[in-house]
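Note on naming: letters A, B, ... go to the chains in the order of the sequence lines (proteins, then strands), and numbering restarts at 1 for each one.
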Amino acid sequence: MTAATHDLLNNLNPQQLAAVTAGTGPVLVLAGPGSGKTGVLTRRVAFLIREMGLRPSGLVAVTFTNKAAAEMRHRIENYLGERQRGLQIGTFHATCARILRIEHEFTPYRQDYVIYDTDDQVAAVTQALGDLSIDTKKFPPRRILHAISSAKNELRQPKDYVPEDYFGEIVSRVYPRYQQILLSSNAMDFDDLLVQMVLALQNSDVLREKYQMKFEYVLVDEFQDTNTAQYQLVKLFGLPQNNIFVVGDEDQSIYAFRGADYRNVLRFRQDYPNAQVILLEQNYRSTQIILDVARAVIDKNTNRTPKALFTTREGGDAITVHEAYDDEYEARYVIEEIETLRRKKMTYNQIAIMYRTNAQSRALEDALVRANIPYTLVGGVGFYKRREIKDLLAYLRVINNPDDRISFDRIINTPKRGIGEKSLQEFHNYAAKLNLTMLGLLDKLAGIEKVALPARTVKLFAEFADKLRDWRQQATTGTLVSLFDTLTTEIGYNLYLLSISASPEEMREREENVAQLRGLLARADDDDIALSDFLADTALMSDVDEVVTDADKVTLLTLHAAKGLEYPVVFITGVENGFLPHFRSQEELEGEEEERRLMYVGVTRAKERLFLTYAFKRTSWGGSEIREKSKFLYDVPLELIADVPAGLKHDSQSTSYRQQTTWDSGGGLNRLKQDLSRIRSLPTTETPTEPADKAPVRAPNSAIRSKILPFPGSAKTQYQAGQRVRHPMFGEGAVIHSEMDGNDEKVTVQFTDRRYGQKTLLAHLANMTLL
DNA sequence: ACGCGCATTGTTTTT
DNA sequence: CAATGCGCGT
């Protein structure tokens, strides 16, 4: 490609051009899906540097995934070549981590601080709960952690934590202790990276001025997914000249569970009244039909700026909605369609299969393997979550930072070296009593006379101390790989792996993972990366970052992971109530609106073909469960659907969401037979399951657990339409509808308070009173 | 201290 | 159906 092809201002529509060439001051770009947002952002960066003469180090660009950052950097390189050296592009977390490493003296942490992932955090909370003698049964560490994390996202320190209920009381006691454990471990969790950065900037004029001078321009992608801490950070970096360029789309805000608040878009307009607002409404990605479907889904949301999304790609294929008998048939249907597309010269890497929860990938994977279709799975149980990887990284972390208590506790007896729970507790007690660090005590333990540990155990600790000393020595002199090799040999890790592996395949898999980790270390050696930086990089690496697009494989991923990506063909599977909207979303304020946005994100990933599938029943925890199609499907105008399933057609006439499928009547059998004969003709390596095993109409028998749900509406409900109720949080309201969902009663209530509107709640959780 | 087996229990999304 | 947790026996 020539330089001319890359001309910055070529092929831009007027709005895009305005965004790329905007002057100084705050700019808010509201960009619909497929409107060329990434292109605008990258050209803007290139424009500032090439045309406005800005130093590359004079701007900071933040994205939400490392992949997005890499993509941006790559594109900018095309425009600028070598001139982009020194450019700061990264996720919020990675950007903060890098700065904090340099500026650690403005924080209570040392330079070699480590980053705790979710598992480490849970371990630390459990530790704190133990220290405070709080029952982990009554107060699950994960819930406490969530509360702490929310507080941090709001920049609330332990001392500022105001409990609102009994659970909050507990949190307010655990939070400070948790923070203490992290600090003494010289460890930050993900949230701390943001919080400590904000605190450091707020507390030190010197530091703040340094970075405000340095960053003349601040650019933020996916602005609708920022939380309070991130918003403050942007604000602080941007002062005093406020050259802040943010790009976002309220309709694609899908990270509320980690504190993201799309209202930050509104707040931005309030905080910067002179901000230039640019709307990118032209979609270059999808056909009109797909956009119409997307709009139908999102239009039901209340708190949004209506956008006039349009595309020049008029028409297009109608979308396909398919009702499958169960999850297995759903998977087979997807495969059948993939084979058909393939015959029409579509390649595998043009196809993505999406779902709401990672667990749903299982059935799809099985089917793909059987059909011999190559695929890549994004996310799931990622590489860094594997036990062997976590073990070995914990060793490296302790070598890097011997204060890391969570990692220390993980490895002290892995592989088994005879130091049990009791001895370890005693060890920590001593350290606390003598006010020594773990390393300090390790070095001294053999010399202390009155130790309540048996001499044999003291000897075991001493042996470990000797090894640790050697490793730490080697870490400062040798390469990472040589350290790794010494380490794995000396602790006999292979033997240990063999002992924990249930099968030869499992052993082989684990060995491969270890080899892969060794490969990563080798690469770090090549790039001259220090141990602490390597550890930080791995901690901040997400599974989404590993998406490879060049290999000819079908991509499997969650709807969340799909954001920012696009595919000619998209399958969204499991479009059922309970998944989409997810049942847990009912408990959250505006939860359903977020689920709609999630569906919207999924739909708008598709360029040409969109398939929505759901199943009549689904296997879960061994039993099987009758499912109902997603309420969102009723919002899709029928004329946009190629082959409307009978159930959907009937239902759309009525106002209730009563379950209707073709599977619960005689017609279902015929449909199943048709499906079977079609599937039989598929080129699979395995013989299809016998239809007898799959008889669709079967009375619930004892073999099917009580999990099987009665048809909604069939059982007696406690609440009836028309009744007035009071909810402890949402206030008064009127019951619109109520039905039984298994053993739970689902009540839809229209609340008087406009902020809450209509909500569907579970009766036994909602704690409502009849008026 | 350790390992085995049984029981329980939880079930979203991710930097 | 996992994965984890607990109690018991060695």
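In this structure, the nucleotide among B:dT15, B:dT14, B:dT12 sitting nearest to the side chain of A:T357 is B:dT12. When distances are taken from the side chain of A:T558 to each of B:dT15, B:dT12, B:dT14, the shortest belongs to B:dT14.
Distance, A:Y231 OH to B:dT15 P: 24 Å, rounded to whole Å. Rounded to whole Å, atom P of B:dT12 lies 17 Å from atom CG of A:N577. To the nearest angstrom, P of B:dT12 lies 6 Å from CZ of A:F583. Note: NZ (A:K152) to C1' (B:dT15) measures 14 Å, nearest angstrom. Nucleotide B:dT13 holds its P atom 13 Å from the NE2 atom of A:H146, rounded to whole Å. The separation between A:L598 atom CG and B:dT14 atom C1' is 12 Å, rounded to whole Å. Residue A:L194 contributes atom CG, which lies 13 Å from atom C1' of B:dT14 at whole-angstrom precision. Nucleotide C:dA3 holds its P atom 11 Å from the CZ atom of A:R387, rounded to whole Å.
The residue from A:R356, A:R596, A:K631 that alone fulfils the side-chain contact (heavy atoms from CB on, under 4.5 Å) condition with A:L580 is A:R356. Test A:L559, A:L557, A:V570 against A:R605 for side-chain contact (heavy atoms from CB on, under 4.5 Å) and you get one pass: A:V570.
One donor-acceptor pair, N or O on each side, does fall under 3.5 Å between the base of B:dT13 and the side chain of A:R356.
The salt bridge (charged side-chain N to carboxylate O under 4.0 Å, His left out) analysis of residues 118-129 of chain A, with sequence neighbours excluded, yields the pairs A:D119-A:K390, A:D120-A:R397.
Applying the salt bridge (Lys or Arg N to Asp or Glu O under 4.0 Å) criterion to A:E222, with sequence neighbours excluded, gives A:K37, A:K563. Shown here are the salt bridge (Lys or Arg N to Asp or Glu O under 4.0 Å) partners of A:K467, two or more places apart in sequence or in another chain: there are none. For A:R73, there are no salt bridge (Lys or Arg N to Asp or Glu O under 4.0 Å) partners, not counting sequence neighbours.
For A:H560 and A:Y255, the ring centers sit closer than 6.0 Å to each other. Taking the six-membered ring wherever Trp is involved, the centroid distance between the rings of A:F461 and A:F464 does not fall below 6.0 Å. A ring-centre distance under 6.0 Å is not found for A:F632 and A:Y614.
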Write down the protein N/O and nucleotide N/O pairs, taken from nucleotides 1-3 of chain B, whose separation is under 3.5 Å; answer none if there are no such pairs.
residue: B:dA1; atom: OP1; partner: A:S423; partner atom: OG; Å: 2.9
residue: B:dC2; atom: OP1; partner: A:G418; partner atom: N; Å: 3.2
residue: B:dC2; atom: OP2; partner: A:N413; partner atom: ND2; Å: 2.9

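Under the stacking definition used here (centres under 5.5 Å, planes under 30°), the residue A:H93 fails to qualify as stacked on the base of B:dT15.
Of the P atoms belonging to B:dT13 and C:dT4, the separation is 15 Å, rounded to the nearest Å.
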Go through A:Y175 and A:Q157 one step at a time and tell me if the side chain to side chain donor-acceptor pair (under 3.5 Å) criterion holds. CA-CA 9 Å; A:Y175 185 7; A:Q157 296 287 95; 4.7 Å; no
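Each of A:R142 and A:A94 lies near DNA chain B, and the nucleotide nearest A:R142 is the one positioned closer to the 5' end.
Applying the 4.0 Å criterion to OP1 and OP2 of B:dT14, one finds that A:N358 has a side-chain N or O inside that range.
For residues 250-257 of chain A, proximity to DNA chain B is found at A:Y255, A:F257, defined as any non-hydrogen atom under 4.0 angstrom from a strand atom.
At a threshold of 4.0 angstrom between heavy atoms, the contacts of A:F64 are confined to the sugar-phosphate backbone, with no base atom among them.
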